[in-house]
Novice: 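Dropping the structure in here first, questions after.
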Amino acid sequence: MANAMLQQTVGGTLQLLSNSGTHCNVGNRSVRLLPKGFKLEVEFSKRGIYSSGKRKFNVIQASTSQTSVVGPLLAPSSSDTVDSHMKSNEVALILIRHGESLWNEKNLFTGCVDVPLTNKGVEEAIEAGHRISNIPVDMIYTSSLIRAQMTAMLAMTQHRRKKVPIILHNEDERARAWSKIYSEDTIEQSIPVITSWKLNERMYGELQGLNKQETADKFGHEKVHEWRRSYDIPPPNGESLEMCAQRAVAYFRDNIEPQLLSGKNILISAHGNSLRSIIMYLDKLTSQEVITLELSTGIPMLYIFKEGKFIRRGSPVAPTEAGVYAYTRRLAQYRQKLDDMLT
């Protein structure tokens, strides 16, 4: 799959190009997918996936006790002040691990098997939506797996702005033509959702579908722990965390980071290991630090991207809470605009 990014063009219609550049037709807005290597008029901060930094984050445990198409595709109208982007030097990045899946419930290795959410997972996704309901979202990225997509879609049903997330289909020309939107007003009230297998959970190889406890009994707890928690040792015919990180972080840098630099507020709904990989990059964790990092299902993590740096703010509380330490001044202003508009 060619690495790509979205870029807004002036005027025209949304069309899809080939490898050299792709457009998607939605009204008179244009999303252009540019091949890797396209030169941007911005300078990316140099970040190494293996960079350790000086900060120590051995464990990030997001829990309920903790107090985040496109503008290009679905750009807000000039009169829609509540959706005016925060200045490009500060935008929100929200990470959500999908809610509980049916195989999580059964204690099975899931990996890249496409399993839906349980009722509890649905509830977790909706609760996640409450927690991010006052944070602007301009674009959504998910894996190609249904549990991550369900989580993103359910979460956005709770957003106070009430924009509709729409999955962009770029499989072939018919898919693009049949999913075209012809109403400008509808486009204005939509959020593009981009899916990629590169954000998938790490592939567990011959462990997929096996019961975790029975596998530990068969191969030994130490060996299974090594497969699950080491950085560079894969399970039989599967991916290590290092291999997962290589694809997930490369996708983040090539596709998502340019959108943040352009001023877009981004939601990523993905999986434990692909998100651990991205957090490793954001927080500059070492390979030893990342293996102890834990993420709870359905709990959003908020980052602020400002002046080329990622600042972790924690997990936003539900909108009924009065004080939100995770909010910056700009996010608080956005929330106040929502209050003014909806009251």
Side-chain angles (χ1 to χ4, degrees), residues 5-6 8 42 45 47 60 62 66-76 80-97 125 127-142 148 151-153 155-163 165 190-194 199 252-253 255-270 275 278-279 281-283 295 298-319 321 323-339 341:
M5 65 163 284
L6 293 170
Q8 185 171 3
V42 294
S45 59
R47 292 173 169 270
I60 299 176
Q66 289 179 304
T67 8
S68 172
V69 156
V70 173
L73 172 59
L74 307 169
D80 196 0
T81 57
V82 72
D83 286 324
S84 295
H85 294 307
M86 294 182 293
K87 290 183 179 180
S88 60
N89 67 345
E90 180 183 312
V91 291
L93 171 65
I94 307 166
L95 309 179
I96 304 178
R97 181 187 174 192
E127 176 59 26
H130 285 300
R131 289 169 175 265
I132 65 170
S133 62
N134 290 300
I135 299 175
V137 176
D138 301 313
M139 297 178 66
I140 299 172
Y141 287 86
T142 80
T151 298
M153 295 300 202
M156 290 308 297
T157 64
Q158 305 305 307
H159 200 281
R160 295 177 68 196
R161 193 62 191 89
K162 299 301 181 184
K163 287 194 171 185
S190 303
I191 298 175
V193 181
I194 295 92
L199 296 175
F252 181 89
R253 294 185 63 170
N255 297 275
I256 300 175
E257 196 163 5
Q259 295 299 334
L260 294 166
L261 284 164
S262 72
K264 303 297 185 295
N265 301 285
I266 306 293
L267 165 65
I268 303 175
S269 177
L275 289 177
I278 291 172
I279 291 172
Y281 170 69
L282 301 180
D283 288 349
L295 296 175
I299 303 296
M301 292 294 297
L302 172 65
Y303 283 81
I304 298 298
F305 182 62
K306 184 176 182 179
E307 298 177 354
K309 297 180 180 179
F310 292 97
I311 305 166
R312 181 159 52 86
R313 305 288 297 193
S315 180
V317 296
E321 297 288 341
V324 184
Y325 82 86
Y327 279 13
T328 63
R329 180 177 180 181
R330 292 188 186 281
L331 289 180
Q333 291 172 342
Y334 179 86
R335 177 174 178 170
Q336 184 60 52
K337 288 179 180 179
L338 286 174
D339 290 341
M341 183 186 73

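Below, all heavy atoms of this structure are taken into account, side chains as well, without hydrogens, waters or symmetry copies. What you are looking at is a predicted structure, and each value in this text was computed from that prediction instead of being measured.
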Novice: Kindly give the heavy-atom pair with the smallest separation between Ser269 and Thr151, and that separation in Å.
Specialist: OG-CB, 3.7 Å

Novice: Please report the interatomic distance CG(Asp138) to CD1(Ile266), rounded to the nearest 0.5 Å.
Specialist: 6.5 Å

Novice: Which pair of non-hydrogen atoms, one from Ala148 and one from Ala270, has the smallest distance, and what is that distance?
Specialist: CB-CA, 4.1 Å

Novice: Which heavy atom of Lys163 sits nearest a heavy atom of Pro165, and at what distance?
Specialist: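 In this case the closest contact between Lys163 and Pro165 is O-CD, 3.6 Å.
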
Novice: With rounding to the nearest 0.5 Å, note down the distance linking CD1 in Ile135 to CD1 in Ile304.
Specialist: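 If I round to the nearest 0.5 Å, the distance is 7.5 Å.
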
Novice: Would you give the length of the straight line joining atom CD of Gln158 to atom OG of Ser133, rounded to the nearest 0.5 angstrom?
Specialist: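 Going from the CD atom of Gln158 to the OG atom of Ser133 covers 8.0 Å.
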
Novice: Could you tell me whether the side chain of Lys264 reaches within less than 4.5 Å of the side chain of Ile256, counting heavy atoms only?
Specialist: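 Side-chain contact under 4.5 Å: no.
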
Novice: Could you tell me which non-hydrogen atom of Ala152 sits nearest to which non-hydrogen atom of Thr142, and how far apart they are?
Specialist: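 Answer, listing the atom of Ala152 first, then Thr142: CB-CG2, 3.8 Å.
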
Novice: Atom CD1 of Ile278 and atom CZ of Arg253: how far apart are they, to the nearest 0.5 Å?
Specialist: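 One finds 12.5 Å between CD1 of Ile278 and CZ of Arg253.
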
Novice: Run the side chain to side chain contact (heavy atoms under 4.5 Å, CB included) check on Arg312 and Leu282 step by step: do they pass?
Specialist: CA-CA 8 Å; Arg312 181 159 52 86; Leu282 301 180; over 6 Å; no

Novice: Please test Arg161 against Ile191 for side chain to side chain contact (heavy atoms under 4.5 Å, CB included), starting from the C-alpha separation and ending with a verdict.
Specialist: CA-CA 11 Å; Arg161 193 62 191 89; Ile191 298 175; over 6 Å; no

Novice: As an exercise, state the distance from NZ of Lys162 to CG of Leu338, rounded to the nearest 0.5 Å.
Specialist: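 Interatomic distance, Lys162 NZ to Leu338 CG, rounded to 0.5 Å: 11.0 Å.
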
Novice: Mind listing the closest non-hydrogen atom pair of Gly298 and Ala128 along with its distance?
Specialist: O-CB, 3.3 Å

Novice: Once rounded to the nearest 0.5 Å, what's the spacing between atom CG of Leu295 and atom CD1 of Ile96?
Specialist: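 Answer for the CG-CD1 pair, Leu295 versus Ile96, is 12.0 Å.
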
Novice: Please evaluate residues Tyr303 and Ile268 with respect to the criterion side chain to side chain contact (heavy atoms under 4.5 Å, CB included), reporting the C-alpha separation (whole Å), side-chain torsions for both, the decisive distance (0.1 Å), and the verdict.
Specialist: CA-CA 11 Å; Tyr303 283 81; Ile268 303 175; over 6 Å; no

Novice: Indicate the atoms forming the closest heavy-atom contact of His159 with Ile132, along with that distance.
Specialist: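 For His159 and Ile132, the tightest heavy-atom pair comes out as CD2-O, 3.4 Å.
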
Novice: So Phe305 and Gln259, do their side chains get closer than 4.5 Å, heavy atoms only?
Specialist: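 No. Closest side-chain heavy atoms not under 4.5 Å.
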
